[in-house]
Amino acid sequence: MKCFDLMWKKPAVESVNGLLIQIQQCSISSPRTLPLIHARIIKSHCLQDGFLLTRLAHAYLTSDTPAPAKRIFTHFPKKPPLFLWNEMIKWYSRNRCFRESIDLYYLMASMGVRRNEFTFTFVLPACAGARSVLDGRIVHVDLVKIGYERNVFVATALVDMYCKCGEIGLARKVFDDVSSKGTAIFNAMVSGYVNNNEHGMAMAVFDSMQNSGVVSDAITMVSILQSCASLGALRRGRMIHDQIQRSSHLDINVYIGAALINMYARCGSIEDSRKVFDEMPDRDLISWTTLISGYGMHGLAKNAESLFTQMINSGIKPDAVAFVGILSSFGHCGMVDIGQNYFHRMTKEYRIEPTLEHYSCMVDMFGRAGKLDEAEEVIRTMGVAPDSGILGSLLNSCKLHLNVQVAERITEHILSIDPENAGWYVLMSNIYATAKNWNGVTKMRVLMKEKNLIKPPGWSSIEINGEIHSFLVFDQRHPDSTAIYDVMRNLESRIRIEGYVPDTSCVLRNVGEDLKLDMLCGHSERLAIAFGILRTGEGEVLRIMKNLRVCLDCHTATKFISRITGREIILRDSKRFHHFKDGSCSCGDYW
DNA sequence: TTAGGGTTAG
């Protein structure tokens, strides 16, 4: 009894310092035992010690156990310290609870709690994650009032937030107002332009970064390589690759590796992609997937399949994205049976739930191969609501295999989902035009006019000596315009002699044949090819980019051009690559 | 005791 009394009256009280050390050790080695220490704190009557509680809550948050941390925060003796507010805002933001993070910031502000630079660098990413420029602007106004806009961490978070919200102009203003810029803020601006599809601007900021002597790191390179990939700027991409290899502080890590593989593939040089892949010291799932998709884009489904098998044999498990890559490769090449087999393996062997993207690949695969019924069946039975993309892919197949009936049904469905997109009206109109159904053509044109819809113009570009030249349809703005049109007409007459027969079915209007022929000749890819022939030497490969799909007639014409000029022409359109050589195309006309 | 920017498909 005596012994019990003694224990009861004098519990084993542990010192605050001892508990602090336990928290520190525990949060590193065994965060699961944190509740045990929590219990000791309660037992030791240390619940009034703010510093100790803060460390405990912090340890809970670091080990992703927010519930007890929240309880400590809510029942904090007197007021929780600024540090704990910040850590709570950070935890919510990093765990994609953006609204909670932002609301906690508002609570803080309404209670008059002091905010510091950390508060802003934690809440701004939450505004970015929520894509809420409204909240972002409120926080921005707040931080200017308190005087943190010159802090480079805060400014970087602001730039990133505005970019992610699509407000690139506001981001640029913040960026320009920072007087002493380091690598990170430059990176935020470059990647902002990249993600907003302003690749020319990304290049310009990158150039000014290099000119002002700010060090580029791996993140800079990954971003700028994306721009090279999007612009098809192979020469520029090679220069960046050189710079990476020469640099003493940059290694080919998995990020840079994937960016390089992607850049070379999208710039038409899949051999270089392979070289980068082979030379990478470490590869992850994304390195493999990038090259597999690259092969797919280039119509090299056999290479894609062999690489996919090698990947599995090397112990890497494919994910949903890897399957999109391999399935789209098969679709592009008309390998329907193998494609179906892989789709089956994906669901049964790898237990990957198919998404709309996978179904899209299957629809495309069946559609291109002329199996329109099977393609429609996929859409009907997939159990996911179709989007306009998957229906559009089927509509495109209806054009390839001219099936007006199915096309009309699909168009009705597409327009109920996406009525403001002029592309669908144009596609259906083209199908009518191919079937010489001029009433149908008129119907689509009237519908477009009533809705005031304009199809975004097609453009093509070509890089000559590191400079990108872009052409719109019937473009006459280029200084060499007269010479370009001369080259093009000369090519047209030469390929006619070789047997090229123009296919005017992709000319929308019901006009005379002569005018239709003129309209074909003005296609942007034709202008870019003519310019390439004009400005490059024999034997040089022409690399052209087009924002839309290459039309059937330009495809045929380019095959002939490659034959009569002996030129290799690599044309990348919105879907994939067409590699023309000696009168044939790598895509096997499955586009 | 707390910070910023990055890779693959369609």
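To find a chain, count down the sequence lines: A is the first, B the second, and so on, and within it residues start at 1.
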Quiz item: Which nucleotide in the set dA9(B), dA3(B), dT7(B) lies at the smallest distance from any side-chain heavy atom of N151(A)?
Solution: dA3(B)

Practice problem: Would you say whether Y255(A) stacks on dT7(B)? The test is a distance between ring centres of less than 5.5 Å and an angle between planes of less than 30°. | Solution: no

Quiz item: At under 4.0 Å between heavy atoms, what does F122(A) touch on the DNA or RNA strands: base, sugar-phosphate, or nothing?
Solution: base

Practice problem: For D319(A), report the nucleic acid contact type (base, sugar-phosphate, nothing); a contact means any heavy atom under 4.0 Å. | Solution: nothing

Quiz prompt | Contact list for residues 349-358 of chain A, test side chain to side chain donor-acceptor pair (under 3.5 Å), sequence neighbours left out | solution = R345(A)-E349(A), T355(A)-E357(A), T355(A)-H358(A)

Self-check item: Selection: residues 78-87 of chain A, any non-hydrogen atom under 4.0 Å of DNA chain B
Solution: F83(A), N86(A), E87(A)

Quiz item: Mind checking whether W288(A) and F308(A) have ring centres under 6.0 Å apart?
Solution: no

Quiz item: Which is true for T289(A) with a 4.0 Å heavy-atom rule: it touches a base, it touches only sugar-phosphate, or it touches nothing?
Solution: base

Exercise. Measure the acute angle between the ring planes of Y342(A) and F330(A), then classify it against the limits of 30° and 60° as parallel, tilted or perpendicular.
Key: tilted

Quiz item: Is a side-chain donor or acceptor of R115(A) paired with a backbone partner of M108(A) at a separation under 3.5 angstrom?
Solution: no

Quiz item: What residues, two or more places apart in sequence or in another chain, satisfy ring pair (Phe, Tyr, Trp, His ring centres under 6.0 Å) together with H241(A)?
Solution: Y264(A)

Exercise. Return the residues of residues 239-253 of chain A meeting this criterion: a heavy atom under 4.0 Å from some atom of DNA chain B. Order them by number, or give none.
Key: N253(A)

Practice problem: May I ask you to check whether F186(A) and F175(A) place their ring centers less than 6.0 Å from one another? | Solution: yes

Quiz item: Does Q226(A) have a side-chain nitrogen or oxygen under 4.0 Å from the phosphate oxygens OP1 or OP2 of dT7(B)?
Solution: yes

Practice problem: May I ask you to check whether W91(A) and F122(A) place their ring centers less than 6.0 Å from one another? | Solution: no

Practice problem: Report yes or no: does T220(A) contribute a side-chain atom to a donor-acceptor pair with the main-chain N or O of D217(A) at less than 3.5 Å? | Solution: yes

Quiz item: Side-chain N or O of S328(A) less than 4.0 angstrom from OP1 or OP2 on dG10(B)?
Solution: yes

Quiz item: Taking OP1 and OP2 of dA9(B), is either one under 4.0 Å from a side-chain nitrogen or oxygen of R266(A)?
Solution: yes

Quiz item: Taking 4.0 angstrom as the limit, do R274(A) and D278(A) come out as a salt bridge?
Solution: yes

Self-check item: Candidates dG4(B), dA9(B), dG10(B) - which lies nearest the side chain of H332(A)
Solution: dG10(B)

Exercise. Could you identify which residues of residues 296-306 of chain A place a heavy atom less than 4.0 Å from some atom of DNA chain B, listed by residue number, or say none?
Key: none

Self-check item: Whether F343(A) and Y359(A) hold their rings parallel, tilted or perpendicular, with breakpoints at 30° and 60°
Solution: tilted

Quiz prompt | dG4(B) OP1/OP2 closer than 4.0 Å to side-chain N/O of R94(A) | solution = yes

Self-check item: dT8(B) OP1/OP2 closer than 4.0 Å to side-chain N/O of N262(A)
Solution: yes

Identify all side-chain donor-acceptor contacts of residues 203-212 of chain A below 3.5 Å with residues at least two apart in sequence or on another chain.
| from | atom 1 | to | atom 2 | distance (Å) |
| --- | --- | --- | --- | --- |
| D207(A) | OD1 | R236(A) | NH2 | 2.5 |
| S208(A) | OG | V205(A) | O | 2.9 |
| Q210(A) | OE1 | Q243(A) | NE2 | 3.4 |
| Q210(A) | NE2 | S216(A) | OG | 3.0 |
| N211(A) | ND2 | D207(A) | O | 3.2 |
| S212(A) | OG | S208(A) | O | 2.8 |
| S212(A) | OG | M209(A) | O | 3.2 |

